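Okay, so here's the structure we're looking at.
No experiment lies behind these values; they were computed from the predicted model shown. We count residues from 1, following the sequence as given.
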Amino acid sequence: MTTPSAQLPTPASRPEPEASAPLRADSVADSAGGLTFDIVDLVLPDPADWNAALVLRLRGGAEGADEVRLPLSPAGERRVRAVLPSTVALPEGRWDVYVAVGDERPRRLAPGLNDLRSLVDRRPGPSLSPLAVCIPYTTKHGNLSLRSWLRAPHAEAGELRVSDGTLTGRGRLYRVERPVAWLSGAVVRARLRRDPSVTHEVPVTADCADFDFSLAYADLAAHWDGGQDVWDLWLARADENDEADETDEADDGRATSEAAAEAAPAGRQPAARVRIARILDDVVDKKPVFAYPALSLSTDRGTVRVTPYYTADNDLSVRVEGA
């Protein structure tokens with residue numbers, strides 16, 4: 001049997017990286033949504049006293065409490081590996097990635113090579129547990145972070161088309177026991193962010209777990225009174241009572257959508273409404289990538305431009321503003 005000391009990379013087996021070179025982690029996603037992280041040339045302590053981990057810290061969370069430690073293990077010459085399995089559901093938010101060795105202060109990791117092909121057009125299997133999604137990305141400072149979502153149910157936005165003053169969309173409902181019953185009589189509800197008591201509903205056409213809807217821009221533009229209006233789009237069950245949300249969403253990444261808070265814990269009835277979002281792919285920030293044409297409309301208060309877009313949380317919204 002190979003001894004642990006023979007498996008572990010040792011400082012003598014390779015040169016120490018230059019102090020100015022950041023440690024990098026390669027990331028590989030599997031088809032179930034799990035992630036594998038490989039770190040090369042990590043200088044380790046005595047193999048007899050092995051203690052190293054990949055540390056995930058929830059940004060804005062409580063120090064020490066909102067932290068996940070993934071043990072690092074040997075994965076070939078000069079390489080160690082940590083695994084975040086798809087069965088480990090991170091609370092929704094942004095997680096900064098560190099490496100911790102022994103008693104040393106955890107060090108921030110930089111991204112290496114990412115292979116996220118398995119996340120493209122992901123189609124999760126049937127389950128009643130919350131849908132967990134985790135995508136690695138590079139921060140503006142060049143560090144490695146993860147963006148996680150935890151939704152139950154989840155309404156995944158698909159193709160969107162703008163034609164004749166109407167937004168036509170398609171989506172799919174996940175994480176409900178009987179999607180046909182859930183979607184029977186369901187609506188897409190547009191809620192005005194500056195005044196959540198103002199809503200506009202359109203029916204959906206359902207086919208098993210898939211749904212379609214058409215939203216006329218003129219119905220949203222009729223409420224415009226200057227400035228910028230944002231309408232957040234929800235999929236709501238027929239028996240949902242449409243109480244206004246206590247919190248608003250943010251488009252600048254400072255707040256996470258309240259849709260995460262509505263994820264139903266195991267054993268509880270699934271939420272009666274869910275934010276329409278697009279999270280089942282490898283694009284961590286849809287807003288600058290998925291650009292849709294703006295349409296000009298005339299209203300009693302002037303001309304407006306209406307544009308569908310994805311928020312910082314990849315939730316679907318519609319913006320109405322003066323032209």
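Under the 4.5 Å side-chain heavy-atom criterion for grouping Ile, Leu, Val, Met, Phe, Trp and Tyr, V83 is not connected to V40 through any hydrophobic cluster. In the hydrophobic clustering of ILVMFWY residues, with side-chain heavy atoms under 4.5 Å counting as a link, L316 and V162 come out together. In the hydrophobic cluster analysis, where Ile, Leu, Val, Met, Phe, Trp and Tyr join through side-chain heavy atoms closer than 4.5 angstrom, Y310 is grouped together with V289. Note on L183: it clusters hydrophobically with V176, by side-chain heavy-atom contacts below 4.5 Å among ILVMFWY residues. Under the 4.5 Å side-chain contact rule for hydrophobic residues, L109 and L84 share a cluster.
The existence of a salt bridge linking D38 and R78 is excluded, since no basic side-chain nitrogen approaches an acidic carboxylate oxygen closer than 4.0 Å. Using a 4.0 Å cut-off between charged side-chain N and carboxylate O, D229 and R194 make a salt bridge. Salt-bridge annotation for K286 and D281: present, with a side-chain N of the basic residue lying under 4.0 Å from a carboxylate O of the acidic one. Under the 4.0 Å criterion applied to side-chain N and carboxylate O atoms, E67 and R69 are assigned as salt-bridge partners. A salt bridge is absent between D66 and R59; no separation between the charged side-chain nitrogens and carboxylate oxygens falls under 4.0 Å. Using a 4.0 Å cut-off between a side-chain N of Lys or Arg and a carboxylate O of Asp or Glu, K287 and D285 do not qualify as a salt bridge. A salt bridge does not link R305 to E321: none of the charged nitrogens lies less than 4.0 Å from a carboxylate oxygen. A salt bridge between R117 and D282 is absent, with no side-chain N of the basic residue lying under 4.0 Å from a carboxylate O of the acidic one.
For CG of D239, the number of neighbouring non-hydrogen atoms (other residues, nucleotides, ligands) closer than 6.0 Å is greater than 12. Within a 6.0 Å radius of CZ in R161, no more than 12 heavy atoms belonging to other residues, nucleotides or ligands are found.
Closest approach of A218 and L297 over heavy atoms only: N-CD1, 3.8 Å. Summarising the geometry of G142 relative to A110, their closest heavy-atom pair is O-CB, 3.8 Å, with the distance given to 0.1 Å. Of all the heavy atoms in I276 and L235, the pair that sits closest is CG1-N, 3.8 Å. Of all heavy-atom pairs spanning L150 and A89, the tightest one is CD1-CB, 3.6 Å. Here the closest non-hydrogen pair linking G165 and L295 is CA-CD2, 3.2 Å. Looking at every heavy atom in both residues, S184 comes nearest to A238 through O-CB, 3.7 Å.
For the pair R24 (side chain) and P111 (backbone), a donor-acceptor distance under 3.5 Å is present. At distances below 3.5 Å, not a single donor-acceptor pair connects side-chain atoms of D164 with backbone N or O atoms of T166. The backbone N or O of A29 lies less than 3.5 Å from no partner atom in the side chain of D115, so there is not a single donor-acceptor pair. Using a distance-only test at 3.5 Å, with no hydrogens or angles considered, a donor-acceptor pair links the side chain of E156 to the main chain of I279. Listed for the T139 side chain is a donor-acceptor partner under 3.5 Å among the backbone atoms of N143. The main-chain N or O of D315 is found under 3.5 Å from a side-chain atom of T311 such that the two form a donor-acceptor pair.
For the side-chain contact (heavy atoms from CB on, under 4.5 Å) with W224, the lone residue among V320, V306, L192, D300 that qualifies is V320. Looking at V304, T307, V318 one by one, the single match for side-chain contact (heavy atoms from CB on, under 4.5 Å) with Y217 turns out to be V318. Shown are L35, L146, V283, L116; of these, the side-chain contact (heavy atoms from CB on, under 4.5 Å) with I135 is made only by L116. Screening R108, R147, R57 for a salt bridge (Lys or Arg N to Asp or Glu O under 4.0 Å) involving D96 leaves a single residue, R108. Between E201 and the options R191, R189, R273, a salt bridge (Lys or Arg N to Asp or Glu O under 4.0 Å) holds for only R189.
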**Report entry** Trace of the side-chain contact (heavy atoms from CB on, under 4.5 Å) decision for V99 with V80
**Finding:** CA-CA 11 Å; V99 61; V80 291; over 6 Å; no
Requested in this report: Please lay out, stage by stage, how H200 and W231 fare under the test ring pair (Phe, Tyr, Trp, His ring centres under 6.0 Å).
Outcome: CA-CA 9 Å; H200 177 71; W231 295 80; 7.6 Å; no
Report task. With side-chain contact (heavy atoms from CB on, under 4.5 Å) as the test, would you mind laying out the steps for Y309 and V230 before giving the verdict? Result -> CA-CA 10 Å; Y309 75 102; V230 172; 3.4 Å; yes
Requested in this report: Show your working on side-chain contact (heavy atoms from CB on, under 4.5 Å) between L144 and T138 and close with a plain yes or no.
Outcome: CA-CA 5 Å; L144 176 63; T138 305; 6.0 Å; no
Requested in this report: Determine, stepwise, if the pair R301 / D225 fulfils salt bridge (Lys or Arg N to Asp or Glu O under 4.0 Å).
Outcome: CA-CA 7 Å; R301 298 173 181 84; D225 194 22; 3.1 Å; yes
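Counted by atom type alone, R275 and S317 present one or more donor-acceptor pairs between their side chains at under 3.5 Å. In summary, the side chains of W95 and S148 do present a donor paired with an acceptor at a separation below 3.5 Å, with no hydrogens or angles considered. Between the side chains of S197 and D195, at least one donor N or O sits under 3.5 Å from an acceptor N or O.
Between R175 and S129 the shortest side-chain heavy-atom distance falls below 4.5 Å. Contact check for P124 versus R122: side-chain heavy atoms found under the 4.5 Å cut-off. Counting heavy atoms from C-beta outward, L56 and L70 have side chains that approach closer than 4.5 Å. Side-chain atoms of L42 and L72, non-hydrogen and from C-beta on, do get closer than 4.5 Å to each other. In this structure, the side chains of T36 and R81 come closer than 4.5 Å at one or more pairs of heavy atoms. Counting heavy atoms from C-beta outward, F37 and D26 have side chains that stay 4.5 Å or more apart.
We find the CG-OG distance between D30 and S86 to be 6.0 Å, quoted to the nearest 0.5 Å. In this structure, OG1 on T299 lies 12.5 Å from CG on L220, to the nearest 0.5 angstrom. The OG1 atom of T199 sits 12.0 Å away from atom CG of D232, with the distance rounded to the nearest 0.5 Å.
Screening residues 135-171 for ring pair (Phe, Tyr, Trp, His ring centres under 6.0 Å) gives no qualifying pairs among residues at least two apart or on separate chains.
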Please table the atom pairs, donor to acceptor, closer than 3.5 Å between any side-chain atom in residues 203-213 and protein atoms at least two apart or in another chain.
unit_1	atom_1	unit_2	atom_2	d
D210	OD1	R172	NH1	2.9
D210	OD2	R172	NH1	3.4
D212	OD1	R170	NE	2.8
D212	OD1	R170	NH2	3.2
D212	OD2	R170	NH2	3.3

